[in-house]
Amino acid sequence: MPIIRTPFGEIEREIMEEIKRKIRFIILTFFILSIHVKLCYGHPMPNSVVVLLKERGYVLAEARIPLPDLQLMLKDSVIRSEKAMKTYLAQHIHPKNLNGALWKIEIGKIEFISSKDEMVGNYTELVFDFKMYPPNDEISEIFNFDYDIVCHQVITHKVDIYLAESSVKEDFNKMKLVGQVRLDTQSGGIIFPIIALGKSNLIDKILPSNRVLILIGLVFFAIILYSSFKVK
Amino acid sequence: MKVNYFSILIFTTALFIGSCKDSTTTDPTPVTPPSGTVKDCSSLTGIAKLVCLSENVKASLSTSQVASLQLSYSKADAVKWSNLPEALTRTKRVGLQFSTLNASQLESVKLLIKEAMGTMVNEGYDEAMQILAADDFLNVNGGGATYGSGNYFIAFLGTPSTTGLWELQFGGHHLAVSNTYNNGKLTGATPSFRSVEPMAAFEQGGKTNQPMIQEQVALANFLKSLTTTQATTAKSSSMFGDLILGPGKDGQFPTTKVGLVGSTLTSAQRDLLMIALNTYIKDVDDVNAATITAKYTSELNDTYVMFSGTNTLETKGDYIRVDGPSIWFEWSTQGGIVIRNANHPHTVWRDRTGDYGGN
């Protein structure tokens with residue numbers, strides 16, 4: 001019976017082949033799980049979605065804006081200009097403490113992705129992330145999310161605010177809906193929600209914030225382990 | 001033991017992809033014997049005829065079907081209407097689904113709807129049947145089983161009578177009819193939702209359909225009649241991607257009316273506005289439609305018109321609102337859902353005091 005040398009000792013070839021099959025299965029399962037995360041990342045149109053994640057010293061946010069509503073009010077030349085878009089976006093995000101003290105914001109990368117929704121079919125979303133820094137670097141557990149991108153002009157537009165427990169891009173149904181920016185039809189004004197961030201999760205403090213990175217790390221570990229096996 | 005990992009993988013994939021989709025239900029169509037005797041209603045008129053036809057509907061149904069159709073009156077059920085297909089709406093409709101009816105039962109239901117909605121060409125009953133035909137068109141043109149005339153519902157909220165309180169509720173995708181009757185009178189024909197996809201003419205059921213073209217043309221004719229100064233006053237700086245007071249937005253009328261006030265309209269403009277509104281009002285029977293028209297006409301001086309976008313109402317984002325002491329009307333032009341690259345409207349007629357008959 002051929003023997004294979006591994007970092008953990010010598011193993012018979014037949015057993016080794018079974019181990020290899022299992023590792024291949026694990027790798028492909030991780031791959032499928034990552035696809036699943038993408039497939040379920042949809043939301044009812046025409047709402048925008050903002051996912052908030054409380055980090056140390058700031059709140060990380062990812063916003064998704066359906067392009068059709070954005071196109072009602074902005075020219076494509078503006079939408080496709082990262083500089084112009086960053087300027088526009090920054091003009092319409094004004095988080096503040098309940099005493100009115102403004103938070104500082106920092107707009108990150110902007111990209112366009114294709115999405116699909118049962119109600120509206122295929123559509124494009126503008127996706128960008130931003131960080132919100134509270135005054136004096138002290139995150140209060142409650143703040144006023146003054147965010148009126150699109151809805152300052154397209155007044156039927158709504159923004160659903162979710163709170164994530166980690167930065168994994170999971171199904172919105174599994175996240176906590178903590179507020180909505182929407183038109184108050186009776187007064188004609190926009191209602192900005194008071195967001196309760198809650199206390200930090202201990203596990204999130206210990207583990208890296210992005211579970212996707214953990215998954216990638218595990219896959220790499222499996223690949224390295226697999227490739228380290230040598231047949232005698 | 002050898003394990004077929006490839007099979008597990010395929011199963012896992014199907015499981016996860018499947019978990020992303022909402023489940024839809026299909027209804028079996030049990031053919032059951034009728035539970036009563038059909039009466040001759042032809043000599044009756046008004047509410048008496050409507051009640052007679054309602055009883056004929058029940059007489060054509062099995063006991064279990066009657067139990068689905070005939071519910072107690074409740075506001076909680078009255079508000080269960082939507083612009084969405086049944087498979088996509090979270091607020092599920094009550095009543096009897098058309099797909100569960102046999103041909104004679106469906107015929108009986110249609111006779112009742114015809115009596116309640118009026119007989120004008122391209123309005124009332126004819127318009128409603130064309131909206132159902134549009135859903136059949138979507139069914140075979142990319143929409144699939146989510147769409148189709150079998151996915152419409154009818155319910156009696158309260159027992160149809162010439163004395164008591166009851167509502168004839170009929171609707172499905174792009175259609176909501178909420179006729180409330182009390183003490184033998186129609187006390188409310190709203191909320192009333194109308195839409196159609198495709199908006200352009202389409203062939204279905206052996207005929208050409210375009211049920212909402214009259215509405216669009218009439219509203220656009222009114223907007224085009226405005227002078228530049230009037231149009232400036234009427235035009236909103238805001239934009240609208242949808243209706244303000246669609247389903248689930250009951251009783252949330254703005255406290256302040258905006259736009260061009262009716263007292264500044266010329267006689268010809270007032271006529272054009274009423275012609276446009278009548279394309280909705282005439283979705284109820286002729287007698288009641290005349291009463292409602294008279295009321296809204298008398299309130300025109302205090303009725304405001306506001307629009308956004310173009311005055312053709314053909315472009316995505318186009319919007320018009322008519323907001324009076326009683327009437328609330330909105331039209332919003334939106335992108336296509338099943339038929340891509342073609343716009344379709346969403347429209348709602350409400351009444352500030354008469355929605356659900358004031359209940």
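On a predicted model such as this, the values are computed, not experimentally measured, just so you know. Letters A, B, ... are given to chains in the order of the sequence lines, protein chains preceding strands, and every chain is numbered from 1.
- Residue B:S237 touches chain A through its backbone alone, counting heavy-atom pairs closer than 4.5 Å.
- Counted within 6.0 Å of NZ on A:K75, heavy atoms from surrounding residues, nucleotides or ligands total 12 or fewer; the atom is thus considered open.
- A:T185 contributes a side-chain N or O that, together with a main-chain N or O of B:Q252, makes up a donor-acceptor pair within less than 3.5 Å.
- Only the side chain of B:L84 comes within contact range of chain A, with heavy atoms under 4.5 Å apart.
- Under the rule for a salt bridge (Lys or Arg N to Asp or Glu O under 4.0 Å), the partners of B:R352 that lie at least two apart in sequence or sit in another chain are B:D323.
- In this structure, CD1 in A:I155 is found 11.5 Å from CG in B:D242, a value given to the nearest 0.5 Å.
- Ranked by non-hydrogen atom pairs under 4.5 Å with chain A, the options B:K316, B:K249, B:R340 are led by B:R340.
- The backbone N or O of B:F240 lies less than 3.5 Å from no partner atom in the side chain of A:T156, so there is not a single donor-acceptor pair.
- Going from atom NE2 of A:H157 over to atom OG of B:S238 covers 14.0 Å, rounded to the nearest 0.5 Å.
- The contact between A:L183 and chain B is made entirely by side chain atoms (from C-beta outward), counting heavy-atom distances below 4.5 Å.
- Not counting sequence neighbours, the partners of B:D250 by the side-chain hydrogen bond (donor to acceptor under 3.5 Å, both in side chains) test are B:R350, B:Y356.
- Here OG1 of B:T256 is found 10.5 Å from CD of A:Q186. Values are rounded to the nearest 0.5 Å.
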